[in-house]
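Input: a single structure, listed below in structure tokens.
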There are 2 protein chains.
Amino acid sequence: MSLSVTEKSDTLTSKTIGRILEYIKEERLSAGNQLPTESELLKILGVSRIVLREALSYLKGLGLITSRRGSGFKIAQVDFAGAMRQALEHISILSSNSLDELMELRSQLEIGSVYEAVNNASQSDIDDIFLVLKKFEDCIQTGELDLEEYQSLELEFHQAIMTSAASNTLNIINGAIRSYFTASIRQKKQYALYHNPELASREFIEHRMIAEAFALHWPEVAETCLRLHLYKNRPRNLS
Amino acid sequence: MSLSVTEKSDTLTSKTIGRILEYIKEERLSAGNQLPTESELLKILGVSRIVLREALSYLKGLGLITSRRGSGFKIAQVDFAGAMRQALEHISILSSNSLDELMELRSQLEIGSVYEAVNNASQSDIDDIFLVLKKFEDCIQTGELDLEEYQSLELEFHQAIMTSAASNTLNIINGAIRSYFTASIRQKKQYALYHNPELASREFIEHRMIAEAFALHWPEVAETCLRLHLYKNRPRNLS
């Protein structure tokens, strides 16, 4: 079967996006500089107006260029973390395998930065970690776990232990995980294993071990506990 | 100063993108399902045609929807890794702080997955690591280092040690780093510290230590060496 006109134009749009980025680099344009006008770009790129506009809309959506009525497009001041956050959130909402990939990414990033995080942790960082731990304890003691609350505490804990690593990217990933959960709220019930009180109490102890390793300034122990917490001893799940 | 019409419409486009994604989730549309027609969407969203088209072009550019002449838009089969790879590459080309962020991300991901990588490494994975190491040695022995070749070997080495971790995300990051270097080829000369033979030979030994730890199946040592290699003993640079 031959490609439809629009499938061809999809490929063309994606090539055009690449060529506009190349052009910007070659001409050494930087934040605040003007892009050529639409008709100049049409000449430079040799594509149809529809394809050009699609490419420009995409770049604008990613935050790489901005437009202002009557004065065409300008190169934006690109904030890497912000742009990544947005793209990651949009992609993760519609991708069916995104939760697994996000969780894997988060696990690797956390294990890879927990050593530095323990070394950098201030007393107030450690206090914050124990504050979340206290909430976990209260949540477990009230009996039946509210799943949504549990998930939110789980994210909060991992965010708290990572604050002192000052990893921008981890914040982005955690934001995307949060968006994913918010977007797929109806699918949450599959995580019913958290209604298992034995597992919940085990999880609590694992979290406490990690928190204590922070308090003792034992980076190796924090790292080993975190790796076992994230990867071992139980089926892959939420955390 | 008040917002210009187009700045307002930038915000509107970004809101519209979010609302289309929400709509897809609420209606539980999945891959292959049809989006409402343009005029239905205009009614549902209450925005101008220009804003709607910008939002749809962005979603199409990210690969979340596809279009086909005469039959409107469909939800795409979203490949998380592929979509992320593309967005990351596009963003990293134009973001001025992207190299630092990509390098930090790669460091954390590598340290976070090298333990599993050593445990999973097959003999052929280890052979591949030593093959890259041999190229490094040859490159150093010919005297003056060719910077571009060195950078490429550096990427190849880190890719090789991570093959057995089977981390999709790390491949994405490495791809983006490669694109970044390709795109910013003129800026490379700042990394002239690699013309320092003493440093190059130290780098070689660090790489060999990591490789040997793989060969000995010593995950803890590989992890510690990699952390020191990436973070300690020398100013932040290329690797």
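Since the structure is predicted, the reported quantities are computational estimates derived from the model, not experimental observations. Quick note on labels: first sequence line is chain A, next is B, and so on, each numbered from 1.
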Problem set entry | Non-neighbouring partners of B/Ser122 that pass side chain to side chain donor-acceptor pair (under 3.5 Å), sequence neighbours left out | B/Asp125
Exercise. Side chains of B/Met84 and A/Met84: does their closest heavy-atom pair fall under 4.5 Å?
Worked result: yes
Exercise. Below 4.5 Å, heavy atoms only, C-beta onward: do A/Gln108 and B/Gln108 meet side chain to side chain?
Worked result: no
Seminar exercise, completed: Contacts of A/Arg19 meeting salt bridge (Lys or Arg N to Asp or Glu O under 4.0 Å) (sequence neighbours excluded), chain-then-number -> none
Problem set entry | Heavy-atom proximity to chain A below 4.5 Å, by part of B/Glu223 | side chain
Exercise. What's the spacing between B/Leu109 CG and A/Glu110 CD if we round to 0.5 Å?
Worked result: 11.5 Å
Seminar exercise, completed: Ranking B/Ala87, B/Gly61, B/Gly18, B/Ala83 by heavy-atom pairs under 4.5 Å to chain A gives rank one to B/Gly61
Exercise. Say you draw a straight line from CD of B/Glu54 to OG of A/Ser67; how long is it, rounded to the nearest 0.5 Å?
Worked result: 6.0 Å
For this session: Tell me, for B/Leu64 versus chain A, whether the close heavy atoms (under 4.5 Å) come from the side chain, the backbone, both or neither.
Result: both
Seminar exercise, completed: Honestly, the part of B/Ile17 sitting under 4.5 Å from a heavy atom of chain A is side chain
Seminar exercise, completed: One option among B/Leu88, B/Val114, B/Ile24 has the most heavy-atom pairs under 4.5 Å with chain A, and it is B/Leu88
Problem set entry | Heavy-atom neighbours of A/Leu216 CG exceed 12 at 6.0 Å | yes
Exercise. Just wondering, do A/Val78 and B/Ile91 contact through their side chains at under 4.5 Å, heavy atoms?
Worked result: yes
For this session: Calculate, to the nearest 0.5 Å, the distance between atoms NZ and OG belonging to A/Lys60 and B/Ser57 respectively.
Result: 10.5 Å
For this session: For the pair A/His90 and B/Tyr58, name the ring-plane relationship: parallel under 30°, tilted 30 to 60°, perpendicular over 60°.
Result: perpendicular
For this session: May I have the step-by-step check of side chain to side chain contact (heavy atoms under 4.5 Å, CB included) for A/Tyr115 and B/Arg227, ending in yes or no?
Result: CA-CA 9 Å; A/Tyr115 192 101; B/Arg227 183 186 301 112; 3.3 Å; yes
